[in-house]
Amino acid sequence: MEPDEKLNVLGEPLTPCSFKPVTGFFRDGHCNTCAEDQGIHTVCAEMTEEFLAYSKYVGNDLSTPRPEFRFEGLKPGDQWCLCAGRFLQAADEGCAPNVNLAATHKRTLEVVSMEMLEMHSSEKSK
């Protein structure tokens, strides 16, 4: 698998999303992607209770540990590379988590508008 160019939605070098827990399609701590990443795991998002409950409700339980996959489960405050489509779905439902734009891959813009990302930017809330 050949990774796409490592640029964020701001047109700058992609910064890390999380090493604890380690995230990303390649499990390298970055929201890198490639042609084989069908889910487009490119949005660096900070988990909230509301989003984790929503994700579980729509069929993707991110909070329950899955030791067989070396997955400890996510908790509020953890950062994770979300699928761009799931982020958009959560935004449409009013429960999208904040995103780290510097750590969100530019391929996200194929699915989510920059305006939507900016509305949920973690930098905006600081």
Side-chain angles (χ1 to χ4, degrees):
M1 290 186 280
E2 184 66 31
D4 288 359
E5 188 176 17
K6 297 173 183 173
L7 292 176
N8 64 31
V9 294
L10 304 170
E12 301 166 349
L14 190 66
T15 63
C17 181
S18 176
F19 295 109
K20 189 170 171 106
V22 68
T23 190
F25 181 76
F26 294 100
R27 291 298 189 263
D28 63 359
H30 294 75
C31 295
N32 291 315
T33 190
C34 64
E36 291 81 6
D37 179 9
Q38 299 292 312
I40 310 176
H41 296 79
T42 55
V43 179
C44 181
E46 184 177 329
M47 298 297 99
T48 63
E49 265 188 59
E50 182 182 31
F51 175 77
L52 289 169
Y54 172 77
S55 189
K56 185 174 184 176
Y57 173 75
V58 295
N60 188 20
D61 182 359
L62 296 172
S63 54
T64 301
R66 297 290 305 268
E68 67 272 26
F69 299 118
R70 288 182 269 163
F71 180 70
E72 296 178 15
L74 301 177
K75 60 188 179 313
D78 287 343
Q79 290 199 128
W80 193 250
C81 295
L82 290 181
C83 293
R86 179 54 45 90
F87 172 82
L88 182 60
Q89 182 183 25
D92 288 344
E93 295 290 331
C95 60
N98 283 340
V99 300
N100 177 338
L101 297 177
T104 296
H105 195 279
K106 71 176 186 169
R107 187 169 172 210
T108 302
L109 297 173
E110 295 174 11
V111 178
V112 183
S113 71
M114 188 63 182
E115 179 182 34
M116 177 72 71
L117 292 170
E118 287 172 337
M119 286 175 43
H120 295 282
S121 169
S122 57
E123 289 83 7
K124 181 182 83 168
S125 61
K126 290 180 182 174

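These figures come from a predicted structure and were not determined experimentally.
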What are the two closest non-hydrogen atoms of [X] and [Y], and how far apart are they?
X: Pro97; Y: Ala45; value: CG-CB, 3.6 Å
X: Pro21; Y: Ser18; value: O-OG, 2.6 Å
X: Thr104; Y: Cys44; value: OG1-N, 3.1 Å
X: Ala35; Y: Gln38; value: O-NE2, 3.6 Å

Exercise. Can you pull the disulfide bond (SG atoms under 2.5 Å apart) pairs that have at least one residue in residues 62-112, sequence neighbours excluded?
Worked result: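 Matches after skipping sequence neighbours: Cys31-Cys81.
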Decide whether [X] and [Y] are clustered together by the hydrophobic rule: side chain heavy atoms of Ile, Leu, Val, Met, Phe, Trp, Tyr closer than 4.5 Å, transitively.
X: Val22; Y: Leu74; result: no
X: Ile40; Y: Val99; result: yes
X: Leu7; Y: Val9; result: no
X: Tyr57; Y: Met47; result: yes
X: Leu109; Y: Met116; result: yes

Flag side-chain contact, heavy atom, 4.5 Å: [X] against [Y]:
X: Ser55; Y: Phe51; answer: yes
X: Lys106; Y: Asn8; answer: no
X: Pro76; Y: Thr48; answer: no
X: Asn32; Y: Asp4; answer: no
X: Gln79; Y: Phe19; answer: no
X: Asn100; Y: Val43; answer: no
X: Met1; Y: Cys34; answer: yes

For this session: Kindly state each residue pair satisfying salt bridge (Lys or Arg N to Asp or Glu O under 4.0 Å) with at least one member in residues 77-103, sequence neighbours excluded.
Result: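 Passing the test, one end in residues 77-103: Lys75-Asp78.
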Problem set entry | Inter- and intrachain pairs under salt bridge (Lys or Arg N to Asp or Glu O under 4.0 Å), touching residues 21-48, at least two apart |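 Listed once each, the pairs would be none.
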Exercise. What's the spacing between His105 NE2 and Lys6 NZ if we round to 0.5 Å?
Worked result: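 Spacing of NE2 (His105) from NZ (Lys6) equals 9.0 Å.
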For this session: Can you measure from CG (Leu62) to OH (Tyr54) and round to the nearest 0.5 angstrom?
Result: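 Answer for the CG-OH pair, Leu62 versus Tyr54, is 12.0 Å.
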For this session: Decide if the gap between the ring center of Phe25 and the ring center of Trp80 is smaller than 6.0 angstrom.
Result: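 No; Trp80 has its ring centre 6.0 Å or more from that of Phe25.
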For this session: Could you check Phe87 against Thr108 for side-chain contact (heavy atoms from CB on, under 4.5 Å), going step by step and ending with a plain yes or no?
Result: CA-CA 10 Å; Phe87 172 82; Thr108 302; over 6 Å; no
Problem set entry | Residue pair Thr42 / Arg107, side-chain donor-acceptor N/O under 3.5 Å |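 The answer is no; no qualifying pair exists.
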